[in-house]
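Quick note: numbers below take in every heavy atom, side chains included, and nothing from hydrogens, waters or symmetry partners. Per chain, numbering begins at 1; letters A, B, ... match sequence-line order.
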There are 2 protein chains.
Amino acid sequence: MGARLAAMAALLADETRAAFCLALLDGRAWTASELARHAGVAASTTSEHLGRLVEGGLLAEERQGRHRYVRLADPEIAHLIEDLAGHAVPAGTGPAEGGPRTLRAASASNALARGRTCYDHLAGRLGISITEAMTERGLLRQDTGFALTDEGLRWFGEQGMALTGQRTRRPLVRGCLDWTERRPHLAGTAGALLCRHAFDAGWCVRIGSGRAVKVTPGGERALAELLGISPETLR
Amino acid sequence: MGARLAAMAALLADETRAAFCLALLDGRAWTASELARHAGVAASTTSEHLGRLVEGGLLAEERQGRHRYVRLADPEIAHLIEDLAGHAVPAGTGPAEGGPRTLRAASASNALARGRTCYDHLAGRLGISITEAMTERGLLRQDTGFALTDEGLRWFGEQGMALTGQRTRRPLVRGCLDWTERRPHLAGTAGALLCRHAFDAGWCVRIGSGRAVKVTPGGERALAELLGISPETLR
DNA sequence: GACGACGTTCGGTCGTGGCCGAAGTGGGTG
DNA sequence: CACCCACTTCGGCCACGACCGAACGTCGTC
């Protein structure tokens, strides 16, 4: 048993592999060479790492022609990595210690804190604001755990998001610790659905190629109207 | 960021350290020499490992005379390790592959599957039975997340367990994936309280020095009466 | 005050694993 | 068909870290 645990942890215990996994937390599939460039290692090194990660069940791969696409094997894995990363930030990792060194990095980190995707749902101030607003409006209950109320269930239906008939092993909702806000945000099937809805409805758009997202003017209006979120809290 | 994650994972990536952490999942404090004997390594080696684990924030230590007691730093950490260990079991780890080799080990593993503590709450068939029974009786809701209902809140009060006034950052209830049953059982403050109540009321007792627990005849009666759990499901 | 148990520090050995470059494979393209 | 590019395999290098035994505090006990 200890050996299993150690083997699992060892997969993430290398800085390069950790960088791969963090990059893959954007929920998309990356090619081997993209990851190699991202982490700054040789293609051969990347190949070995990906082999280990796939064999260990952390990553799923899909070959397409001469490309090897990899993505996180499943939402559980994504959650596990987020969780681990959340605990890896020991103390005040504000702008003080360990913070960004360059202006460019600082602005990128600001954008991430404002809003980002966390695998397949929304995180950062955006994700937290939505979660808190839903809680205040009685759609979500956080005082005795983390679950939608019946009203919340109805609300999802009204927005055109069908939560029923999802017969997967994945929980409908779960809390996911936000490592910038230090509070849980909405994850699980419902969180993923909401995130997709937000993109489809044009509430937010991705900034560049990373995980950061930006709320559009239309999104600000919709969030204010539906959940009473004031645009200021999102900035 | 990747470096942080890797450093965190590296703490658990060694078989000896993993064995330490799994042992400490019983929620108690162990001395350095106990852990050394348990893992089969020299005292000097143990000392180094404990130093790293404490420095990394996984363990808390307490010196008493010539003893160094260590325990898991906090319930969050315990949950993280359980979670990681849960995902480290890849496929059917029933009696088939990777199962116990000796008769003694098989019986110990049976006892663990029947009932055990998971840090500070109940797990195994015992923990699952309680969780499921509470769900069926409308005390707990698992369909839209994982949270106590108002009835459930009242139920805790009636049993003499005060959930109110717990002003900690720890959630009142959370689901914890049971790695023998593959379903969530009740954790969080409420889970810990219920576990303590079960011991105090004599519903169950520890078997030997490990994590395994046994339900007493009185406990069977109480669980049947309060939650409608038939004694057969616990065996 | 001497002894014994618990823990720590230090020096040294050894294996594992991360890394690269070079050579090889195989799919897509001109 | 020839070429290019994405990826893989192999050999070799190097560093890190897990481990132990021996020597050294330090606390409790006889």
ask   = According to a strict under-4.0 Å criterion, is A/Thr45 in side-chain N/O contact with OP1 or OP2 of C/dC20?
value = yes
inquiry  = Any heavy-atom pair between the side chains of B/Leu72 and B/Leu59 that's under 4.5 Å?
reply    = yes
task = Rounded to the nearest angstrom, tell me the gap between atom NE2 in B/His49 and atom P in D/dC20.
result = 8 Å
request  = Tell me which nucleotide among C/dG7, C/dC20, C/dG18 gets nearest to the side chain of A/Arg17.
outcome  = C/dG18
key: Length of the line joining B/Asp14:CG and C/dG15:C1', which is rounded to integer Å   = 13 Å
query = In whole angstrom, what separates B/Glu15's CD from C/dG15's P?
reply = 17 Å
message = What is the separation between atom CZ on B/Arg37 and atom P on C/dA5, rounded to the nearest whole Å?
response = 13 Å
message = In this structure, how many angstroms lie between the P atom of C/dC6 and the CD atom of B/Glu62, rounded?
response = 18 Å
note = Separation of D/dA18 atom P from B/Leu53 atom CG, nearest Å, is 10 Å
task = Provide, to the nearest angstrom, the distance between the CD atom belonging to A/Gln64 and the C1' atom belonging to C/dG26.
result = 16 Å
hbond_proxy A/Arg68 side chain to D/dC7 base (donor-acceptor, 3.5 Å cutoff) = no
task = Check if the side chain of A/Ser44 and the base of C/dG21 share a donor-acceptor pair of N or O atoms closer than 3.5 Å.
result = yes
inquiry  = Would you say A/Arg63 places a side-chain N or O within less than 4.0 Å of OP1 or OP2 belonging to D/dT8?
reply    = yes
inquiry  = Both conditions, 6.0 Å and 45 degrees, for the charged tip of B/Arg116 above the ring of B/Trp179: are they met here?
reply    = yes
inquiry  = Using a heavy-atom cut-off of 4.0 Å across all strands, would you classify A/Ala43 as base, sugar-phosphate, or nothing?
reply    = base
task = Indicate, with a heavy-atom threshold strictly under 4.0 Å, whether B/Thr16 touches base, sugar-phosphate, or nothing.
result = sugar-phosphate
query = Of A/Val41 and B/Ala32, whose nearest nucleotide on DNA chain C comes first from the 5' end?
reply = B/Ala32
task = Have a look at B/Asp120 and tell me which of B/Arg196, B/Arg170, B/Arg211 forms a salt bridge (Lys or Arg N to Asp or Glu O under 4.0 Å) with it.
result = B/Arg170
query = Which listed nucleotide (C/dC19, C/dG28, C/dG7) is nearest to the side chain of B/Ser33?
reply = C/dG7
query = Does C/dT29 have OP1 or OP2 sitting under 4.0 Å from an N or O in the side chain of A/Arg66?
reply = no
message = Side chains of B/Thr117 and B/Phe199, heavy atoms from C-beta outward: is any pair under 4.5 Å?
response = yes
query = Roughly how many Å is it from CD in A/Glu48 to P in C/dG17, rounded to a whole number?
reply = 12 Å
query = Which part of the nucleic acid, if any, lies within reach of A/Thr31 when heavy atoms closer than 4.0 Å are counted: base, sugar-phosphate only, or nothing?
reply = sugar-phosphate
request  = Please tell me which of A/Arg52 and A/Gly65 maps to the more 5' nucleotide of DNA chain C, matching each residue to the nucleotide holding its nearest heavy atom.
outcome  = A/Arg52
ask   = From the list D/dG17, D/dA6, D/dG11, which nucleotide is the closest neighbour of the side chain of A/His67?
value = D/dA6
ask   = What class does the angle between the rings of B/His185 and B/His121 fall in, given that below 30° is parallel, 30 to 60° is tilted and above 60° is perpendicular?
value = tilted
ask   = Under a 4.5 Å cut-off applied to non-hydrogen side-chain atoms, are A/Phe20 and A/His38 in contact?
value = no
